[in-house]
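To start, the structure itself, in structure tokens.
Residue numbers begin at 1 in each chain, while the letters A, B, ... track the order of the sequences. Please read these numbers as outputs of a predicted model, since none were measured by experiment.
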Amino acid sequence: MKQTRIMMGMPITVEVVDHSATQQAIDDCFLYFQWVDDTFSTYKEDSEISRINQKRMTLAEASQPMRAIFALAEATKLDTDGYFDIYRNGRYDPSGLVKGWAIFNAASMLAQRGYWNYYVEAGGDIQAAGHNAWGQPWRVGIRNPFNMHEIVKVVAIADGGIATSGTYIRGQHIYNPKTPGELQTDVLSLTVVGSNIYDADRLATAAFAMGSEGVFFIEKLDGFEAYQINSAGVATFTSGFMRYVLS
Amino acid sequence: MSESKTRKQHGSTFLLRKYLISTFVLASFGAYVIHEHNGGSTTESSVTAGQSTAQTNGTSDASLATNSTTSADTQQADPASQASTAPPTAQAPTDVPPTPTTAPPTAVASGYKDGQYTGQQIDAFYGIVQVQVDIQGGKITNVQFLQYPNDRQRSAFINSQAMPMLQSETIQAQSAQVDIIGGATLTSQAFVMSLQSALASAKA
């Protein structure tokens, strides 16, 4: 059973291959993402995060999940030498953390219902468990940053998360004569594989911001591997990445 | 007594000289190793931090040129095909007024009035994407980014010395079947949405 919906400005897919899968279980995942969007979207006037930013609510008055996200953000800031910071331009924007966290929680909801074989994917970031409909580990293609219709690597994810930071349009900033040289252009995409999507996502975000040094940052961490593609079409990957590679 | 003292002094001078020479030889060898390591051949498949930077700098001009040609093609061709063949990506997010582009592909090339049009700001979840499109002679001549989620840029020195050797390869398209595709797609979809709204106003 597999469904895709556009939420939070991106396609979100939930697939469960256990025979006992129900529509209710999948609906609940999407309801959860809707709650996440309503609570954490900085583009919604009345979301909880907007009320905090508008000083209509203090952090002490905030909900337990909101306070949890702020605590996680503080921990991530320390973990990433300050590269990951939800506070900028006088506002809090935890969206870089919330996405991976929400995928992980939605996947955990499926586990709690007793499912073994499923994945939750939001905007190209994935938490997978068990195997696919053919009894093999989930096969995840890493998108080509030069051509969004192609994949450049296939990795096997049995139980874990995979997140990519970057975008295929990154090289196109050269069309904008007002900003040459301002953007980090050498790294187009950086994919992180790990035991869970929450960590993979936040680390991918931080490592991508580091430019070409990002892959070295991941190399230093136990339990995480990375595949980084630069603007010359050359990929650099961590010493344990090949363990995941199918082709 | 004094003779033995002199011999002792001779001995210690000799020893000192021996140490100095050994140190010099070792230091020279060390410097040579470091020099070879840093400036060594870039044809090796393994790279260190310094080498990967050098590689990127050396080839960036060529790659940018390639990018500009391929991107130009995609930008002129994609919006039409995306709008007509991929309904899911054409849907606007709930908090943005919908801007449907329902015209058939044939009308796309000829239906625009000349001018400069600004697309809507589209929420790519981690930032805002907004494009501006120039139309001349009924065709898209340029697409610029007015807003782009780049506020996570930071510049700081990360110590990557004494790191194990990483491997590298030239990326190649894979034809294998996959269950899921991972990768950064958000901004590209936001790009298409903003472009569609700019083109919709170019028609009006």
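The CD1 atom of A:Ile12 sits 9.0 Å away from atom NZ of A:Lys99, with the distance rounded to the nearest 0.5 Å.
For the residue pair A:Thr164 and A:Thr191, a side-chain donor N or O sits within less than 3.5 Å of a side-chain acceptor on the partner. A donor and an acceptor atom, one from each side chain of A:Thr238 and A:Glu225, are located under 3.5 Å apart.
Open room surrounds CD on B:Gln136; 12 or fewer heavy atoms of other groups in view lie less than 6.0 Å from it.
Top candidate by heavy-atom pairs under 4.5 Å with chain B, chosen from A:Ile157, A:Ile126, A:Asp125, A:Leu246, is A:Ile126. In terms of heavy-atom pairs under 4.5 angstrom with chain B, the leader among A:Thr4, A:Asn132, A:Thr13, A:Ile142 is A:Asn132.
Only the side chain of A:Met242 comes within less than 4.5 Å of a heavy atom of chain B; its backbone N, CA, C and O stay farther away. There is no contact between A:Phe241 and chain B, counting heavy-atom distances below 4.5 Å. When heavy atoms are compared at a cutoff of 4.5 Å, A:Ile162 does not approach chain B at all.
Aromatic ring orientation, A:Phe237 versus A:Tyr227: parallel (interplanar angle below 30°, classes split at 30° and 60°).
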